[in-house]
Amino acid sequence: MVERVGAAAPASMRLEAPGGLASTAMLASLAAHTVPGAERTDLATGTHERLIHLAQGPVAVSVRLDPDGVDLAVHACQQHVAAVVAVVSAWLDLTTDLEVVRAALREDPFLRPLVDARPALRVTGTTDAFQTGVTTVLGQQVSLAAGRTFAGRLVAAYGQPGPGGLVRFPTAAALAEVRPEELRAAVGLTSSRARTVRALAEAFADRGHNPGDAGLRLTRDELLAVPGVGPWTTDYLEVRTGCPDAFAPGDLVLRRALGGISPRSAAHRAEAWRPYRAYALVHLWTATAYLP
């Protein structure tokens, strides 16, 4: 059983985002992907809550986003606060020099108005690559709302109680032990999707993934070898796990934003956006899906 890292009262601090923070857009992205039970997003107050997993156990955090940075509340002992700050800074991409990103993307006349509209848009990452991997699989070929529903059912069925009234997302090791038939019944998945979730859990568990690992221990080829995981899922995971030049040419929202072009044409079109294709992708997603 994992120890909880608690505190009598939350520690509060300010995390500045040099170059600004597109808080409304980023909060909309967080809301679109919030896992019921494991996370909470309040658009009215501009806050998002989730668990951060440290070596010592799960910590409840709350972030309030504004145009200059983040107000962070950490329900943890003082000696663990620095580790949480590092995780949050990486997750919300707070330290990236956006000036160079903006300069590169504004060279494209198509992207220029998007960059000018949201010059402080950052790439929201992840605090746990396995959770993001599973929720990505659950969201394949369904709406964002349906993907959240499936994720909420998964958490309700297999998660464990955590601090702050939140539920810990099930670990890779735990889901690797669940039969696909049971997953299908508990979450409402198709048989093939349930097998993919189980296979992905086995792959992450085999590579020693621990809760809170925000990076991918699996290579691209290893991810693609998981039955039911294709290029789009792998590309999306690379975007969310910290690669600034990651890109998903097969993404339907992206291709529609570019006029309904093919994945091959989208990949060719994006060559001009290197080495910041992930930022271009987030600008297009935001303008098309999160804040149309």
Side-chain angles (χ1 to χ4, degrees), residues 7 9-53 58-76 81-98 101-102 114-128 131-132 135 139 143-145 147-149 151-152 155 162-167 169 212 214 239-240 242 253 278-279 281-292:
S12 299
M13 65 214 68
R14 177 69 179 173
L15 305 182
E16 298 294 340
L21 188 72
S23 52
T24 300
M26 292 179 67
L27 193 70
S29 172
L30 289 170
H33 297 282
T34 290
V35 177
E39 302 167 354
R40 290 189 287 257
T41 302
D42 188 331
L43 293 174
T45 61
T47 58
H48 176 86
E49 300 171 73
R50 67 170 52 196
L51 299 178
I52 299 290
H53 292 271
V59 174
V61 303
S62 173
V63 292
R64 188 184 68 80
L65 284 65
D66 64 50
D68 298 310
V70 173
D71 290 326
L72 171 65
V74 182
H75 297 261
V81 169
V84 173
V85 168
V87 172
V88 171
S89 294
W91 161 41
L92 297 177
D93 193 25
L94 297 181
T95 61
T96 292
D97 180 1
L98 289 180
V101 176
R102 288 192 290 261
L114 303 183
V115 175
D116 289 346
R118 300 182 181 93
L121 186 62
R122 300 172 185 270
V123 178
T124 305
T126 182
T127 56
D128 188 290
Q131 175 176 330
T132 299
T135 55
S143 67
L144 284 169
R148 290 195 302 273
T149 296
V155 167
L166 297 169
V167 180
F169 195 87
V239 170
R240 292 288 302 278
V253 173
Y279 289 86
L281 183 59
V282 170
H283 272 287
L284 290 164
W285 278 343
T286 299
T288 307
Y290 301 143
L291 292 176

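None of these values were measured; they are calculated from a predicted model. Every heavy atom of this structure was used, including side-chain atoms; hydrogens, water molecules and symmetry mates were not.
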task = With the side chain counted from C-beta on, respond yes when Leu291 and Arg118 share a heavy-atom pair under 4.5 Å apart, and no when they do not.
result = yes

request  = Please report the shortest heavy-atom distance between Gly212 and Asp128, naming the atom on each side.
outcome  = N-OD2, 2.6 Å

query = Among Leu92, Thr95, Thr96, Val101, whose side-chain contact (heavy atoms from CB on, under 4.5 Å) with Arg122 holds?
reply = Thr96

inquiry  = With a 4.5 Å cut-off on side-chain heavy atoms, are Leu144 and Tyr290 touching?
reply    = yes

ask   = Looking at Ala151 and Thr135, what are the two nearest heavy atoms and their distance?
value = CB-CG2, 4.0 Å

message = Any non-hydrogen side-chain atom of Met13 less than 4.5 Å from a side-chain atom of Val74?
response = yes

note = Between the CG atom in Leu30 and the NE2 atom in His48, the distance rounded to the nearest 0.5 Å is 5.0 Å

query = In Å and rounded to the nearest 0.5 Å, what is the CG to CG distance from Leu72 to Leu15?
reply = 5.0 Å

ask   = Pick from Ser62, Pro58, Pro10, Pro163: which one makes a side-chain contact (heavy atoms from CB on, under 4.5 Å) with His75?
value = Pro10

Leu98 versus Gly19, closest heavy-atom pair with distance = CD1-O, 4.4 Å

remark   = Rounded to the nearest 0.5 Å, the OG atom of Ser23 sits from the CG atom of Asp66 at a distance of 6.0 Å

key: Contacts of Arg50 that satisfy salt bridge (charged side-chain N to carboxylate O under 4.0 Å, His left out) - sequence neighbours left out   = Glu39

ask   = Mind checking what makes side-chain hydrogen bond (donor to acceptor under 3.5 Å, both in side chains) contact with Arg40, not counting sequence neighbours?
value = Glu49

key: Leu65 versus Val63, closest heavy-atom pair with distance   = CD1-CG2, 3.7 Å

Least distance between heavy atoms, Val59 atom then Ala76 atom = CG1-CB, 3.6 Å

message = If I take atom CG from residue Leu27 and atom OG1 from residue Thr47, how far apart are they, to the nearest 0.5 angstrom?
response = 7.5 Å

query = Between CZ of Phe169 and OG1 of Thr132, what distance do you get to the nearest 0.5 Å?
reply = 8.5 Å

query = Can you pull the salt bridge (Lys or Arg N to Asp or Glu O under 4.0 Å) pairs that have at least one residue in residues 16-30, sequence neighbours excluded?
reply = Arg14-Glu16

inquiry  = Run the salt bridge (charged side-chain N to carboxylate O under 4.0 Å, His left out) test against Asp97 and tell me which residues pass, sequence neighbours left out.
reply    = none

Non-hydrogen atoms of Ala289 and Val253 that approach each other most closely = CB-CG1, 4.3 Å

Reported CG-to-NE2 distance for the pair Leu121 and His283, which is rounded to 0.5 angstrom = 4.5 Å

remark   = Those residues at least two apart in sequence (or on a different chain) that pass salt bridge (charged side-chain N to carboxylate O under 4.0 Å, His left out) with Arg148 are none

query = Taking Thr149 for the side chain and Ala145 for the main chain, is one N or O donor matched with an acceptor at less than 3.5 Å?
reply = yes

ask   = Does Trp91 have any side-chain hydrogen bond (donor to acceptor under 3.5 Å, both in side chains) partners at least two apart in sequence or in another chain, and if so, which?
value = none

inquiry  = Check whether Arg102 reaches the backbone of Pro119 with its side chain - one donor and one acceptor, N or O, closer than 3.5 Å.
reply    = yes

ask   = Just by distance, do the side chain of Asp93 and the backbone of Val123 share a donor-acceptor pair under 3.5 Å?
value = yes

